[in-house]
Amino acid sequence: MVSQIQEKQAPWQRQLRDVVTNVDELLSHLNLTQEDCLIKQPFPLRVPWRFVSRMKPGDPNDPLLLQVLPTAKEWLKVPGFSQDPLAEAQSNPVPGLLHKYQGRVLLTVAGACAIHCRYCFRRHFSYQDNNPGRAGWQPCLDYIKTDSSIHEVIFSGGDPLLATDEYLAYLVDKIAEISHVTTLRIHTRLPIVIPERINKKLIKSIIRPKLKCVVVIHCNHPNELDFSVKKSLDQLAAANITLLNQSVLLKGINDSSSILKALSEKLFHYGALPYYLHLMDKVQGSAHFDVDETTAKTIWQELVAQLSGYLVPKLVKEQADALSKIPLL
Ligand SMILES: *Cc1c(COP(=O)(O)O)cnc(C)c1O
Ligand code: SF4
């Protein structure tokens with residue numbers, strides 16, 4: 001019997017409830033067995049079925065599987081890889097707000113993600129401590145109000161689109177009231193991993209006449225893009241939202257110019273332009289995905305030689321004390 005609460009849930013909330021968190025379930029669904037999988041650990045497996053459905057059964061090196069499957073390699077302690085590689089604690093004037101770069105602030109709107117990406121630089125970040133909850137946003141709003149150089153507010157997380165439509169509408173209303181803020185940017189992986197999240201009600205919650213809206217999705221491999229993703233991006237584009245994509249350069253997943261070329265071209269046909277290609281942040285537990293700078297530059301140079309200029313993402317790395325993300329070329 002379906003309970004009333006379940007009946008009331010939107011399709012995206014059902015997808016979120018049904019995420020795969022059991023390694024054996026995932027592997028048996030894909031007809032795989034793996035010995036060095038880690039089941040118990042602080043950043044556990046978490047992946048929505050929509051994302052699993054794009055993995056190739058029987059392929060232990062599937063580029064989507066590798067992004068989510070916990071392995072023993074994560075326990076390797078590698079020099080230079082730390083828990084807070086970006087030293088974000090330093091740029092955190094009020095809980096929930098990061099002010100690192102001129103003109104823009106980042107709000108950690110939601111404390112969780114629908115998917116756990118193994119390379120995530122926030123895997124050790126205390127989302128809970130940095131998620132003030134609805135009543136707690138006032139100090140952040142006051143901070144933005146008193147600094148007229150801030151023209152852009154970025155919703156990040158976790159994944160900010162895990163917040164309810166009502167919660168987002170409340171926060172966007174408050175931000176729209178601040179006269180010097182002209183742009184709302186949302187960094188989210190949900191259009192990729194639970195495309196149902198994008199619907200009319202959500203769009204109504206984030207669109208305001210005075211705020212230009214930019215959605216930056218996060219997609220690393222062309223196989224992540226299927227028709228359901230296209231539908232979600234089409235809805236955002238139809239609402240006049242600018243669509244950009246950021247990727248992380250990951251060894252064994254997308255560290256080749258042919259994959260990145262296919263990704264840029266497919267994104268373009270789906271309505272999103274490539275924005276950043278990030279060197280992975282040196283976070284403990286993800287050293288096996290690291291692509292060194294020399295290799296990254298070579299891949300990028302091959303990419304730039306093959307693509308229209310507007311399809312080439314900027315190759316950047318993040319540095320704790322820098323005034324912006326640093327372009328490598
Ligand atoms: C990446 C980032 C931004 C946005 O930087 P852009 O170069 O404008 O995309 C803002 N704040 C923080 C803390 C960031 O990490
Ligand atoms: S969606 Fe983004 S923030 Fe969430 S785990 Fe993946 S990389 Fe990290």
Side-chain angles (χ1 to χ4, degrees), residues 10 12-13 15-21 41-48 50-51 67-68 70 83-86 88-89 91-100 104-137 139-141 152-172 174-175 184-198 202 205-206 213-220 224 232 244-248 276 278 280-281 283 285-286 318:
W12 76 270
Q13 286 166 319
Q15 287 294 324
L16 184 64
R17 193 192 57 214
D18 294 341
V19 290
V20 188
T21 53
Q41 61 131 309
F43 191 62
L45 173 77
R46 184 173 171 84
V47 56
R50 290 281 179 264
F51 197 76
Q67 291 183 50
V68 299
Q83 294 221 350
D84 180 16
L86 306 180
E88 286 194 326
S91 326
N92 199 194
V94 246
L97 182 145
L98 288 170
H99 192 187
K100 227 165 125 174
R104 50 232 199 264
V105 292
L106 187 150
L107 301 184
T108 47
V109 169
C113 282
I115 186 168
H116 283 173
C117 313
R118 305 319 303 169
Y119 53 85
C120 182
F121 75 99
R122 290 184 190 279
R123 57 183 290 161
H124 305 287
F125 188 75
S126 178
Y127 292 125
Q128 297 313 331
D129 295 351
N130 241 304
N131 186 29
R134 196 154 164 156
W137 286 113
C140 297
L141 295 165
E152 178 173 23
V153 174
I154 303 170
F155 285 5
S156 183
D159 199 310
L161 295 191
L162 284 187
T164 62
D165 298 328
E166 293 72 22
Y167 190 105
L168 290 166
Y170 160 84
L171 205 51
V172 176
K174 292 282 174 198
I175 288 161
L184 171 70
R185 189 195 318 182
I186 298 175
H187 280 205
T188 176
R189 198 146 154 71
L190 278 175
I192 305 288
V193 302
I194 304 184
E196 292 92 333
R197 177 65 187 104
I198 308 303
L202 169 74
S205 312
I206 57 176
C213 187
V214 183
V215 168
V216 183
I217 58 171
H218 169 182
C219 175
N220 299 314
E224 290 173 44
S232 82
L244 303 172
N245 178 65
Q246 53 181 347
S247 311
V248 182
Y276 280 144
H278 293 268
M280 203 187 64
D281 298 308
V283 64
S286 60
E318 209 150 341

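These values consider heavy atoms only, across backbone and side chains, with no hydrogens, waters or symmetry-generated copies.
His99 pairs by the ring pair (Phe, Tyr, Trp, His ring centres under 6.0 Å) definition with Tyr143, not counting sequence neighbours. By the salt bridge (Lys or Arg N to Asp or Glu O under 4.0 Å) test, Glu318 is found to be paired with Lys100, Lys325, residues two or more places apart in sequence or in another chain being considered.
Here the CD1-CZ distance, from Ile154 to Arg185, works out to 3.5 Å after rounding to the nearest 0.5 Å. Note that CZ of Phe51 is 7.0 Å distant from SG of Cys117, once rounded to the nearest 0.5 Å.
A 4.5 Å side-chain heavy-atom check between Tyr276 and Leu244 finds every atom pair outside the cut-off. Looking at heavy atoms from C-beta onward, Arg50 lies in side-chain contact with Pro195 at the 4.5 angstrom threshold. A 4.5 Å side-chain heavy-atom check between His278 and Tyr119 finds every atom pair outside the cut-off. In this structure, the side chains of Ile175 and Leu141 come closer than 4.5 Å at one or more pairs of heavy atoms. In this structure, the side chains of Val105 and Leu98 stay at 4.5 Å or more apart for every pair of heavy atoms. Between Val216 and Asn245, every side-chain heavy-atom pair lies at or beyond the 4.5 Å cut-off. Side chains of Val109 and Leu168 form a contact here, defined as non-hydrogen atoms less than 4.5 Å apart. By the 4.5 Å heavy-atom criterion applied to side chains, Leu97 and Leu106 are not counted as neighbours.
Between His116 and Phe43, the ring-plane angle classifies as parallel under the 30° and 60° cut-offs.
A donor-acceptor contact closer than 3.5 angstrom is absent between the side chains of Gln13 and Glu196.
Arg46 places no side-chain N or O within 3.5 Å of a backbone atom of Thr21 that could act as its donor or acceptor partner.
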